[in-house]
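I have placed the structure first, in the form of structure tokens, so that the comments after it can refer back to it.
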Amino acid sequence: MSMIPAAVATATASDLVFIVVGDSTDGYGAGTCSEGIDRDGLDVPGAALPLIDQVLAATAPKGIPVVVVLIHGRPATFGESALASVGPRNALLQRIPALLAAWRPGQFGGSALWDVISGAVNPSGRLAQTWPRSVGQIRQFVPWFVKTGTPTQAYFDEPITPLFPFGFGLSYTQFKIVSASLEQSVVRPTDNIIITVTVSSTGPAGQVVLQAYGQQTLSQYVRYNWFLLGFEKFAVAGDTPSAIFQMVLPAEELGYYHP
């Protein structure tokens with residue numbers, strides 16, 4: 001905390017600011033994200049949130065762009081408490097101009113991150129888990145089948161939606177699914193499911209990540225309410241009004257193990 005004023009002074013004298021924060025992995029039973037130890041909260045640890053808060057407060061009036069790079073191994077929140085010192089219920093996140101979830105990028109992570117930040121690479125990564133808004137929301141995102149007639153679950157003091165959903169991710173290009181259709185209405189176990197998707201793009205050339213999900217309303221066993229059938233990346237030229245792609249998925253992806 002004692003070094004935050006110096007960091008703020010450096011930031012306000014800069015043309016571009018990178019704030020690199022996150023978890024530490026100091027071996028078994030140590031650190032803020034490692035094996036053999038638990039946490040009672042999901043906030044970015046240490047003095048990271050006050051640092052981000054004060055740097056943003058000082059740089060925003062001057063129009064200095066700020067990028068927050070998160071080095072981590074888990075979903076993170078940004079002041080999950082309603083009484084958080086940096087604003088209630090992840091309000092700090094709304095003030096961050098750009099957030100890059102870098103996870104554990106390894107020895108060449110610096111070069112990879114710079115390629116993304118500089119625009120040499122158009123990012124296309126997607127989250128492999130749902131990020132809750134708070135610890136109390138964690139059970140909400142176990143997507144078990146909900147029987148018809150079950151009352152809609154809700155929270156008194158925060159939205160029921162996640163902070164970031166499974167499969168979420170941004171690119172420097174804005175993609176829009178114009179239309180999607182199935183080639184067949186009935187498939188046999190040995191068939192392929194063929195999905196035709198029309199996509200438009202605004203911005204530079206990039207890769208769109210198409211994700212297909214399934215849902216089974218009648219089953220002998222309790223299953224997920226929805227499940228990922230497959231995903232595929234497709235290259236899309238810049239500023240394209242219409243590009244057509246096909247996803248081919250084995251029908252057996254709809255099945256489940258019957259003991």
Side-chain angles (χ1 to χ4, degrees), residues 1-119 123 125 127 129-138 157-159 162-164 168 170:
M1 295 287 287
S2 62
M3 301 179 67
I4 291 180
V8 172
T10 300
T12 53
S14 304
D15 296 322
L16 174 63
V17 177
F18 298 100
I19 306 177
V20 182
V21 295
D23 287 302
S24 61
T25 303
D26 300 326
Y28 185 87
T32 62
C33 182
S34 62
E35 189 177 4
I37 192 170
D38 292 326
R39 298 192 62 208
D40 61 359
L42 297 176
D43 277 347
V44 183
L49 296 185
L51 170 64
I52 297 171
D53 178 40
Q54 294 183 39
V55 169
L56 291 177
T59 55
K62 297 185 176 185
I64 301 173
V66 175
V67 178
V68 175
V69 180
L70 193 59
I71 307 295
H72 58 128
R74 60 177 179 84
T77 52
F78 298 82
E80 65 174 341
S81 168
L83 302 175
S85 61
V86 292
R89 300 294 182 193
N90 296 291
L92 180 62
L93 182 62
Q94 307 303 317
R95 296 166 50 204
I96 298 175
L99 174 65
L100 177 57
W103 298 94
R104 300 289 184 185
Q107 294 180 340
F108 287 91
S111 298
L113 291 174
W114 177 247
D115 286 343
V116 171
I117 292 171
S118 66
L127 290 180
Q129 69 289 112
T130 294
W131 288 29
R133 295 178 182 270
S134 65
V135 169
Q137 233 192 18
I138 289 178
D157 53 357
E158 68 180 352
L163 193 62
F164 297 111
F168 176 81
L170 297 177

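Only this structure's heavy atoms are used, side chains among them; waters, hydrogens and symmetry mates stay out. In this chain, numbering begins with 1 at the start of the sequence shown.
- Within the model, atoms CG of L99 and CD1 of I52 stand 8.0 Å from one another, a figure rounded to the nearest 0.5 Å.
- Between F164 and L127 the shortest heavy-atom distance is CB-CD1, 3.6 Å.
- F18 has its side chain out of reach of V68: every pair of non-hydrogen atoms, C-beta onward, lies at least 4.5 Å apart.
- Of all non-hydrogen atoms in P97 and L56, the two that sit nearest each other are CD-CD2, 3.9 Å.
- Closest approach of L42 to E80, counting heavy atoms only: N-OE2, 3.4 Å.
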Stepwise side-chain contact (heavy atoms from CB on, under 4.5 Å) check, L70 with V21: CA-CA 5 Å; L70 193 59; V21 295; 4.1 Å; yes
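- Distance CZ/R74 to CH2/W131: 8.5 Å, rounded to 0.5 Å.
- Residues P162 and R133 form no side-chain contact, since every pair of their non-hydrogen atoms from C-beta on lies 4.5 Å or further apart.
- Interatomic distance, M3 CE to T10 OG1, rounded to the nearest 0.5 Å: 9.5 Å.
- Taking 4.5 Å as the limit, some side-chain heavy atom of F78 sits within range of a side-chain heavy atom of L49.
- Side-chain N/O atoms of T77 and N90 include no donor and acceptor closer than 3.5 Å.
- A distance-only check finds no donor-acceptor pair linking the side chain of R89 to the backbone of S81 [under 3.5 Å].
- Side-chain contact between D23 and R104 is present, with at least one heavy-atom pair separated by less than 4.5 Å.
- Smallest separation of non-hydrogen atoms from G41 and V135: CA-CG2, 3.7 Å.
- A heavy-atom distance below 4.5 Å is found between the side chains of L113 and V69.
- Atoms CG and CD1, from L16 and I64 in turn, are 9.5 Å apart once rounded to the nearest 0.5 Å.
- Taking the side chain as every heavy atom from C-beta outward, I19 and V67 never approach each other to under 4.5 Å.
- Here the closest non-hydrogen pair linking A47 and I4 is O-CD1, 4.2 Å.
- The nearest pair of heavy atoms linking P132 to P75 is CD-CB, 4.2 Å.
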Check against side-chain contact (heavy atoms from CB on, under 4.5 Å), H72 and C33: CA-CA 8 Å; H72 58 128; C33 182; over 6 Å; no
